[in-house]
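For reference, the structure discussed in these notes is given below.
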Number of protein chains: 2
Amino acid sequence: MSNDPLSPADPPARRRLSADERRSQILATARRLFVEEGVENVSMRRIAALAGVTPTLIYHHFADKESLLLAVCQNFFRGLIDASEAAMAAVPETEVPFGRLRRLMEGYVEFGLANPDVYRLVFMTKLAGLKREKMPSGHRPHPAEPALPEDQGFGLRAFGLLEGEIRRLIESGHLRQDDACAMAEVVWATGHGIVSLLITHGDFQWTPVDRLISLSIDTILSGIAR
Amino acid sequence: MSNDPLSPADPPARRRLSADERRSQILATARRLFVEEGVENVSMRRIAALAGVTPTLIYHHFADKESLLLAVCQNFFRGLIDASEAAMAAVPETEVPFGRLRRLMEGYVEFGLANPDVYRLVFMTKLAGLKREKMPSGHRPHPAEPALPEDQGFGLRAFGLLEGEIRRLIESGHLRQDDACAMAEVVWATGHGIVSLLITHGDFQWTPVDRLISLSIDTILSGIAR
DNA sequence: GTGATAACTTTACAGTGTTAAATTACCCGG
DNA sequence: CCGGGTAATTTAACACTGTAAAGTTATCAC
C-alpha cells in the first residue's frame, strides 16, 4: 500500500547533475510515465515534477516532447534487437527449417505485447512531422541528438535480422518466392498485424490470444513455404 | 488558386439551424479537418470557426472531441461495409474458390489506404477511455448518442461479411482449418497489418506498394488453403 | 579565490479542451 | 399579431497544455 506509484524518483539526492545523468534520469522518468499512463496523458510538467526538475530544463536536453518520445523509442528498438537475437540463438540452425523464423515471430509478438505503449509509439504513430532542424533558438542547444538517423539505424538492424533468416530459407530452397526483402516485409506485416490488432482491440471477444497468435504464425509460414 | 482550403463552409447562409442540420454540418466540418490535417492538429476552436459557430455549441451536439471522432468513425464503417458488399457482388460465387475472398481483401486494403486518417482513428487509436456517461451536466444534453453500441454494430457487421465468406470456403472444403471466426481474425490481421504498416511507414524504401499488397494476399490465401 | 561555463529557474505567452451562465432567435397558442 | 417558452447559440472563464527568453546559481579549472 505504500506505493502511490508516482513520487519523485530519487528524493533530493543530488541537486545538480551532469548533463548525461540528467538526460538519462529525465528519459527514465518519461518512459515510465509514458508507458504507465499513455503518452498523451502525460504532460511535460508532470515529467518534470516527477523528475524533481523544472519543465524548462527538459528542453535543454530534448528538443520537445516528440524528441523525448523518440529517445524512448530507441530503447525499444534495442530491446527488440536483443529479444530477436536471443530468439535466433535459442534455436540451432540444424533444427526443422522454419524453427528459427517461427521463434523470431513469436519473439516479436511477445515483445510487442509486453510493451504495448512503446510499440504503439514506434509503429502506430505518425510521429512524422520529422521536425527536422527545429531545435530551440535560445541558449546552447542539445548535444548531438541524431534525431532520426540513429533510430532508423536500430530499426533497420532489427529488420535485417528477419530478412537474414528469410534469405537463409530462400537459399536452402524452402520458400516459394525468392525476393527476400519483399518476403520479409510480408512476414513483418503479419506479425505487426497481430500485435497492433491485439493492442487496440484486445478487449472485445476474439479467439484466445495465444491461439490467434499461433494460428496466424502457422498460416503465414505455410503460406510462404514452397 | 482561389481555394485556400479552409474557409467557412456556407458563408452566413442560414444563421439558426435545426439541431439535426447543425449536427451534420459540424460533423462534416470535423471530418474534413480531421482527415485533411490529422486529429490532433485540429482544435475544437478551429472546427467551430470553420463551421461558422462557437466552440461551445459543438458541446451541445457532441459530448466531447472523442465523441465527435466516434461519429466520424461510424461513417467510415458504413463506407467499409458498402465497399465490401460491392466487392462481394462483383465476383460471382461460381468463380474460382478464393476469388471473392481475394477481392474482399483487396477492397479492404484499398479502402483503408484511401482513408488513412480515419482508418488510423478507427483501428489504430486507443479511443478506449470509453467515457461512458460523461455527458456535460449543464443544459439539455445531446439526443441519444448511442456512443459505442451503434458503431460496434457497424464494425461487427463488416467483420461478419468476412467471416461469412470464410465460412463458405470452409463448408466447400477449401480451408485447412475449420474455425471460421478464428480464421477470419487471422485474415483480418493480415489485411490490417498491410494497411497499418503502409499508413505509418509508407514513406521509406519498401517493395512497391502494389506488389507488397498482392504478395501478402497471395501468401495468406495460400496459407489458409487446404 | 576568481571567472567562465554548464545547469538550472522564473516568468510568461499563446493555445488547448471544457463548462456555467447568460442571451438570443424562433415557433406556437392565445 | 404578439407574448411566452424553449431550443439554439454565445460570452466569459477555468484549468490546463507545450514552449520560449531571459535571468540565476552552482560547480570546476586555474
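First the proteins, then the strands, lettered A, B, ... as listed; each starts at 1.
Every side-chain contact (heavy atoms from CB on, under 4.5 Å) that B/E85 has, sequence neighbours left out, goes to B/I81, B/D82, B/R157, B/L161. With sequence neighbours excluded, the residues satisfying side chain to side chain donor-acceptor pair (under 3.5 Å) with B/S196 are A/H192.
Atom pair B/I47:CD1 and C/dG15:P shows a separation of 17 Å (rounding to whole Å applied). The distance from atom CZ of A/R46 to atom C1' of D/dG18 is 15 Å, rounded to the nearest whole Å. Rounded to an integer number of Å, the gap from B/L68 CG to C/dG17 C1' is 12 Å. Between the P atom of D/dT9 and the CG atom of B/L17 lies a distance of 6 Å, rounded to the nearest Å. Rounded to whole Å, the distance from CD1 on A/I58 to P on C/dA7 is 16 Å. Here C/dT16 presents its C1' atom at 12 Å from NZ of A/K65, a figure rounded to the nearest Å. For B/D64 and D/dC16, the CG to C1' distance is 16 Å, given to the nearest whole Å. Whole-Å rounding puts the A/E21 CD to C/dA7 C1' distance at 12 Å.
Across the interface with DNA chain D, nearest-nucleotide mapping of A/N41 and B/V53 shows B/V53 to be the residue nearer the 5′ end.
Between A/D117 and A/V39, the closest side-chain pair of non-hydrogen atoms is not below 4.5 Å.
Taking the six-membered ring for Trp and thresholds of 30 and 60 degrees, B/W188 and B/Y108 have ring planes more than 60 degrees apart, a perpendicular arrangement.
Between the side chain of B/E165 and the backbone N or O of B/R100, no donor-acceptor pair lies under 3.5 Å.
Checking D/dT9, C/dG17, C/dC8 against the side-chain heavy atoms of B/M44 singles out C/dG17 as nearest. Checked against D/dT10, C/dT9, C/dT19, the side chain of B/Y59 finds its nearest nucleotide in C/dT19. Comparing D/dT19, C/dC8, D/dT9 by their closest approach to the side chain of A/R22 singles out C/dC8. With distances taken from any side-chain atom of B/H60 to the nucleotides D/dA8, C/dG17, D/dT9, the minimum falls on D/dT9.
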Pick out the pairs of N or O atoms, protein on one side and nucleotides 10-13 of chain C on the other, that lie under 3.5 Å.
residue: C/dT10; atom: O4; partner: A/T56; partner atom: OG1; Å: 2.8

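For A/F123 and A/F77, the ring centers sit closer than 6.0 Å to each other. You'll find the ring centres of B/F76 and B/F154 outside the 6.0 Å limit.
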